[in-house]
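Below is one structure, written out as structure tokens; the observations come after it.
Remember, it's 1-based here, ligands and their atoms both numbered in the order they're listed.
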Amino acid sequence: MPATAPEVHTDLVLEPRDVKFDWSRLPLHWIPDEPVATHTINVLHLLLPEGERWFTEVFKDALPLITDEQLREEVLGFIGQEAIHAEAHQEVLDHLLGQGLDPRPYVRQIAWLFQRILGEKPRLSPRKRRENVIERVAFVAAIEHFTAFLGNWALNSPGLDRADADPTMLDLLRWHGAEEVEHRSVAYDLLVHLDSGYGRRVRGMLVGGPLLVHLWVRGLRYLLAADPELRGTLRPSWRQAWEISRRGLLPDPVQSLRSGLRYLRPGYHPTQEGDSGQALAYLAASPAARAAAAR
Ligand SMILES: [Fe+2]
Ligand SMILES: [Fe+2]
């Protein structure tokens, strides 16, 4: 079944914004009195530094296979943005360590997964190497569907403001979320450019979707156990996630699942999800992005 033709010939110009955040005043539970919501979102900081560095490696490996100049420019812009995202989340991890929550054992497992299991395989023939790169691009495209979904949620989450969440963390989440919405088509368009087959897209989601859920649940359990104030007294449950999402502090699990299923629709394209205008409006107002533009 053919995939939708990629809409790469737009005037999308992806600009890496070299943001800086000051975490020195970030409370351990940056959504006050909401440790489960705080740590569910904190799982992003556990996964993204290794995950987004891996995205940039996959896309660098894919560059020699690209024959479309506009798409090549978008892929280079994507690499620039994801590299900065990874470092921004890494700084939060360093701050957590300073607060007595050691994320390193979990992050070591994530590093092993991305570098050893999903990393570049040595000594492949040119044909197998191309196959391997495309397979990894399919995985990135599936995950990028979720990062755009989460980014769109972050941009439309007044519940976090009502709960008095830390404004610097909100800016990180919304700046990153806005860039995810901004570049949401790049991985998918790259995948279709390299292989327009429906099977490859489905395989990327069937591996990427369940793996992401699994890593998120494990990451949340890890953070709740390692939190020096909680010391394992809280155990997460799906019922609790549902209840917290109803208060607008987390994405709705059912909506998240539906979003994953939309990716499997034959006529899917990432531009059907999220709003580029809203993302660019946030980037024009984001304190961190404005400071970066002024430097
Ligand atoms: Fe990102
Ligand atoms: Fe992304």
Side-chain angles (χ1 to χ4, degrees), residues 6 8 10 12-21 41-63 71 73-93 107 110 114 118 136-155 169-193 201 204-205 208-209 211-212 215-216 219 251 256 259-260 263 268-276 278-280 282-283 286 288-289 292:
V8 296
T10 57
L12 181 63
V13 178
L14 295 171
E15 168 200 352
R17 299 168 182 87
D18 192 12
V19 294
K20 306 268 181 251
F21 297 95
I41 297 178
N42 276 346
V43 175
L44 284 169
H45 312 308
L46 295 179
L47 300 180
L48 290 180
E50 289 296 334
E52 293 189 311
R53 283 179 203 127
W54 181 79
F55 286 9
T56 66
E57 284 162 22
V58 172
F59 273 37
K60 281 178 191 164
D61 289 343
L63 277 173
L71 180 60
E73 285 304 311
E74 292 178 11
V75 166
L76 288 170
F78 177 100
I79 290 171
Q81 289 191 340
E82 296 292 18
I84 294 175
H85 298 173
E87 295 321 307
H89 288 276
Q90 179 66 51
E91 286 174 13
V92 183
L93 281 185
V107 171
I110 299 299
F114 280 109
L118 297 170
R136 288 186 289 146
V137 168
F139 184 83
V140 176
I143 301 298
E144 281 286 296
H145 172 75
F146 286 114
T147 58
F149 171 81
L150 293 173
N152 189 42
W153 177 81
L155 290 171
M169 183 58 81
L170 281 187
D171 191 32
L172 168 82
L173 295 173
R174 289 175 178 159
W175 153 75
H176 187 174
E179 289 197 351
E180 290 303 321
V181 171
E182 184 187 25
H183 74 218
R184 66 196 183 284
S185 298
V186 178
Y188 182 85
D189 287 344
L190 175 59
L191 173 62
V192 174
H193 179 69
R201 166 158 50 117
M205 178 55 83
L211 180 65
L212 190 62
L215 294 178
W216 216 294
S256 308
S259 166
Y263 187 79
Y268 168 85
H269 189 267
T271 46
Q272 297 156 1
E273 311 259 333
D275 178 346
S276 297
Q278 184 190 29
L280 292 175
Y282 184 78
L283 291 167
S286 153

Closest contact, heavy atoms only, V181 versus G151
CG2-C, 4.0 Å

Would you say the rings of W54 and F59 are close, in the sense that their centroids are separated by under 6.0 Å?
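Centroid distance F59-W54: not below 6.0 Å, so no.
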
For Y263 and F146, I'd like to know if the aromatic rings sit close, meaning centre-to-centre distance below 6.0 Å.
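Centroid separation for Y263 and F146: 6.0 Å or greater.
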
With a cut-off of 2.8 Å, does E144 put an N/O/S atom close enough to the Fe ion (ligand 2)?
yes

Can you tell me the angle formed at the Fe ion (ligand 1) by NE2 of H176 and ND1 of H85, to 10°?
80°

For a side-chain hydrogen bond (donor to acceptor under 3.5 Å, both in side chains) with E52, tell me which candidate from H176, H89, Q81, Q90 qualifies.
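Testing E52 for a side-chain hydrogen bond (donor to acceptor under 3.5 Å, both in side chains) against H176, H89, Q81, Q90 leaves exactly one candidate, H176.
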
Please state whether the separation between the Fe ion (ligand 1) and some N/O/S atom of E52 is under 2.8 Å?
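An N, O or S atom of E52 is closer than 2.8 Å to the Fe ion (ligand 1), so yes.
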
Can you see whether S276 engages R184 through a side-chain donor-acceptor pair at a distance of less than 3.5 angstrom?
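On atom types as modelled, these side chains qualify, holding a pair under 3.5 Å.
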
Write the atom name of the N, O or S atom in E82 that is nearest the Fe ion (ligand 1).
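Going through the N, O and S atoms of E82 one by one, OE1 ends up nearest to the Fe ion (ligand 1).
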
Round to 10° and report the angle made at the Fe ion (ligand 2) by NE2 of H183 and OE1 of E180.
100°

